[in-house]
Undergrad: 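What follows is a single structure, and I will ask about it in a moment.
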Amino acid sequence: MRLFCFPYAGGSPSIFMSWLSQLPTHIEVVLIQLPGRGARLMETPYNKMNQTIAELMQHSDFITQKPCVFFGHSLGSRVAYELALTLHKHHDTLPLQLIASGSRAPHLKGHKAPIYHLPDAEFIAELRDLNGTPKEVLDNAELMELFLPLLRADFEIADCFQAEQSPLPMPINVLYGHDDIDVTSEMVDAWQDLSALPITQHAFNGGHFFINTHSEQVIATVSKLINTN
C-alpha cells in the first residue's frame with residue numbers, strides 16, 4: 001500500500017517526515033516534492049494547477065502501480081483531488097480513497113481575498129496571520145527572499161484555482177479543525193459533491209494547521225482509514 005502525501009501551500013515534504021516512523025510498516029509513504037522546495041529549491045515553482053498536474057501525470061505508471069491512498073492538507077487536498085480526477089479521465093486506476101485535510105471542497109471559491117499579488121510586506125504579514133510559515137523564516141530577510149517566489153506561486157494556485165464539480169467513484173474522507181476559520185462546515189460538507197459515495201468527516205482540535213499541532217491524532221486517524229480498505 002502506498003500513501004501519497006501532498007503538502008499545503010509553502011510546505012515541503014519534510015512536514016510528513018515524522019509519519020514515516022509512526023505509520024504501520026506495510027504503508028509505503030511517498031512524499032510529493034514539487035519545484036521550488038526541498039531538493040528542488042532552485043527550480044522555478046509552478047503557479048498554475050495544470051502545470052502541477054502535468055508533472056505528476058508523468059509519473060502515472062508509478063502512482064497506479066500499487067494500491068494507494070492520496071492524502072493532502074489544504075492546497076494539497078485540492079492537488080490530490082485534481083490528480084485523481086485527471087487519472088479518472090485517463091481511465092487509469094484510481095486511489096482506494098482520498099483523505100482531504102484542512103481544505104474547502106476544490107470546486108468552491110475561497111471566501112478570502114487573494115493575497116499572492118500583494119506587496120512583500122503585506123504578503124508576509126498575511127503569512128504571519130496564517131501561522132503556517134515558521135516565525136524564524138518570516139523574520140529572516142534572506143530566507144524570505146529565497147522562499148517568496150515559492151510562497152507566491154503556491155498561493156496563486158490556492159487563491160485562483162477552482163475545480164470542476166465531477167463526482168469521483170471513490171471514497172473521500174474529510175479531516176478538519178474545530179477552530180479553522182478558513183474552512184467552514186459548509187465547505188467541508190461540499191466535498192460530498194465530489195464523491196459518488198458517502199463521505200466521512202473527522203474533526204480535530206485546533207485551527208487550520210491542526211495537522212502540525214495534533215499530528216499524532218491525525219496520523220492515527222489516517223492509519224485507521226487506510227486499514228479499513
Undergrad: Just jot down the ring-ring contact (aromatic ring centres under 6.0 Å, His included) partners of Phe147, sequence neighbours excluded, or say none.
TA: none
Undergrad: Short question: side chain of Ser77, backbone of Gly72 - any donor-acceptor pair under 3.5 Å?
TA: yes
Undergrad: Please identify each residue that fulfils side-chain contact (heavy atoms from CB on, under 4.5 Å) with Lys109, with sequence neighbours left out.
TA: Gln162
Undergrad: Using a 4.5 Å cut-off on heavy atoms from C-beta on, say whether the side chain of Pro169 contacts that of Leu197.
TA: no
Undergrad: Indicate if Leu87 and Met1 have the same hydrophobic cluster label, given that clusters are the connected sets of ILVMFWY residues with side-chain heavy-atom separations under 4.5 angstrom.
TA: no
Undergrad: Does Met57 belong to the same Ile/Leu/Val/Met/Phe/Trp/Tyr cluster as Leu94, with side-chain heavy atoms less than 4.5 Å apart forming each link?
TA: yes
Undergrad: Of all residues at least two apart in sequence or in a different chain, which pass the side-chain hydrogen bond (donor to acceptor under 3.5 Å, both in side chains) check with His59?
TA: none
Undergrad: Could you give the distance from CG (Leu3) to CD1 (Ile226), rounded to the nearest 0.5 Å?
TA: 4.5 Å
Undergrad: Identify, with sequence neighbours excluded, every residue that meets ring-ring contact (aromatic ring centres under 6.0 Å, His included) alongside Tyr8.
TA: His73, Phe209
Undergrad: Under 3.5 Å, side chain of Gln22 to main-chain N/O of Ala220, donor-acceptor pair present?
TA: no
Undergrad: What pair of heavy atoms forms the shortest contact from Ile157 to Leu75, and how long is it?
TA: CG2-CD1, 3.8 Å
Undergrad: Using a 4.5 Å cut-off on heavy atoms from C-beta on, say whether the side chain of Leu127 contacts that of Met144.
TA: yes
Undergrad: Considering only heavy atoms from C-beta outward, does the side chain of Leu175 approach that of Leu225 to under 4.5 Å?
TA: yes
Undergrad: Transitively linked via ILVMFWY side-chain contacts under 4.5 Å: Val188 with Ile99?
TA: no
Undergrad: Using a strict 4.0 Å threshold on nitrogen-to-oxygen distance, state whether Arg40 and Glu55 make a salt bridge.
TA: yes
Undergrad: Taking all non-hydrogen atoms of both residues into account, name the closest pair between Glu82 and Ala163 and its distance.
TA: OE1-CB, 3.7 Å
Undergrad: Might you point out which heavy atoms bring Gly10 and Leu151 nearest each other, and give the distance in Å?
TA: CA-CD2, 3.6 Å
Undergrad: Considering only residues two or more places apart or on different chains, which pairs with a residue in residues 18-41 satisfy ring pair (Phe, Tyr, Trp, His ring centres under 6.0 Å)?
TA: Phe16-Trp19, Trp19-Phe71
Undergrad: Applying side-chain contact (heavy atoms from CB on, under 4.5 Å), can you list everything that pairs with Thr184, at least two apart in sequence or on another chain?
TA: His111, Glu186, Met187
Undergrad: Under the side chain to side chain donor-acceptor pair (under 3.5 Å) rule, what pairs show up with a residue in residues 115-124, not counting sequence neighbours?
TA: Asp120-Arg152
Undergrad: Of all heavy-atom pairs between Asp189 and Ile199, which one has the smallest distance, and what is that distance?
TA: O-CD1, 4.2 Å
Undergrad: Residues in side-chain hydrogen bond (donor to acceptor under 3.5 Å, both in side chains) with Glu164, at least two apart?
TA: Lys89
Undergrad: Calculate, to the nearest 0.5 Å, the distance between atoms CG and OG belonging to Leu34 and Ser12 respectively.
TA: 11.0 Å
Undergrad: Quick check against the 3.5 Å criterion: does His88 have a side-chain atom that pairs as donor or acceptor with the backbone of Ala84?
TA: no
Undergrad: Taking Gln51 for the side chain and Lys48 for the main chain, is one N or O donor matched with an acceptor at less than 3.5 Å?
TA: yes
Undergrad: Give the minimum heavy-atom separation between Pro171 and Leu96, together with the two atoms involved.
TA: CD-O, 3.1 Å
Undergrad: Checking Arg2 now: which residues fulfil side-chain hydrogen bond (donor to acceptor under 3.5 Å, both in side chains) with it, not counting sequence neighbours?
TA: Glu28, Gln65
Undergrad: Can you check side chain to side chain contact (heavy atoms under 4.5 Å, CB included) on Ser166 and Leu194, steps first, answer last?
TA: CA-CA 6 Å; Ser166 184; Leu194 304 180; 5.9 Å; no
Undergrad: Do the side chains of Ile32 and Leu56 get nearer than 4.5 Å, heavy atoms only?
TA: yes
Undergrad: Output all residues satisfying side-chain hydrogen bond (donor to acceptor under 3.5 Å, both in side chains) with Asp154, sequence neighbours left out; order by chain, then residue number.
TA: Arg37
Undergrad: Please examine the side chains of Leu130 and Asp182, heavy atoms only from C-beta on, and report whether any two atoms are closer than 4.5 Å.
TA: yes
Undergrad: With distance as the sole test, does Ser223 use its side chain to make a donor-acceptor pair with the main-chain N or O of Ile219 at under 3.5 Å?
TA: no
Undergrad: If we only count heavy atoms from C-beta on, is the Ile172 to Gln97 side-chain gap below 4.5 Å?
TA: no
Undergrad: CD1 of Ile115 to CD of Glu126: how many Å apart, nearest 0.5 Å?
TA: 5.5 Å
Undergrad: Could you give the distance from CD1 (Ile15) to SG (Cys5), rounded to the nearest 0.5 Å?
TA: 8.5 Å
Undergrad: Carefully, step by step, assess Leu143 and Glu136 under the rule side chain to side chain contact (heavy atoms under 4.5 Å, CB included).
TA: CA-CA 9 Å; Leu143 278 178; Glu136 297 77 20; over 6 Å; no
Undergrad: Does Leu41 share a hydrophobic cluster with Leu138, counting links as ILVMFWY side-chain heavy atoms below 4.5 Å and allowing steps through other members?
TA: yes
Undergrad: Enumerate the ring pair (Phe, Tyr, Trp, His ring centres under 6.0 Å) contacts for residues 182-204, please, sequence neighbours excluded, ordered by first and then second residue.
TA: Phe204-Phe210
Undergrad: How far apart are the C-alpha atoms of Thr86 and Asp92, what are their side-chain angles, what is the distance that settles it, and do they pass the side chain to side chain contact (heavy atoms under 4.5 Å, CB included) test?
TA: CA-CA 9 Å; Thr86 305; Asp92 286 325; over 6 Å; no
Undergrad: Report yes if the side chains of Leu83 and Phe70 come closer than 4.5 Å at any heavy-atom pair, otherwise no.
TA: yes
Undergrad: Roughly how far apart are Asp180 CG and His208 NE2, rounded to 0.5 Å?
TA: 5.5 Å
Undergrad: In the single-linkage hydrophobic clustering (I, L, V, M, F, W, Y; side-chain heavy atoms under 4.5 Å), do Tyr176 and Tyr81 co-cluster?
TA: yes
Undergrad: Tell me if a side-chain donor or acceptor on Ser74 pairs with a main-chain N or O of Gly76 at a distance below 3.5 Å.
TA: no
Undergrad: Does anything in residues 207-221 form a salt bridge (charged side-chain N to carboxylate O under 4.0 Å, His left out)? List the pairs, not counting sequence neighbours.
TA: none
Undergrad: Evaluate the side chain to side chain contact (heavy atoms under 4.5 Å, CB included) criterion for residues Phe4 and Phe62: first the C-alpha distance (whole Å), next the side-chain angles of each, then the deciding distance (0.1 Å), finally the verdict.
TA: CA-CA 11 Å; Phe4 289 86; Phe62 174 75; 3.7 Å; yes
Undergrad: Just how far is it from atom OG1 of Thr93 to atom NZ of Lys66, taken to the nearest 0.5 Å?
TA: 14.5 Å
Undergrad: Would you say the side-chain atoms of Ser215 pair up with the backbone N or O of Ile211, donor to acceptor, closer than 3.5 Å?
TA: no
Undergrad: Is any side-chain heavy atom of Pro95 closer than 4.5 Å to one of Met170?
TA: yes
Undergrad: Compare every heavy atom of Ile53 with every heavy atom of Val79, then report the nearest pair and how far apart it is.
TA: O-CD1, 3.8 Å
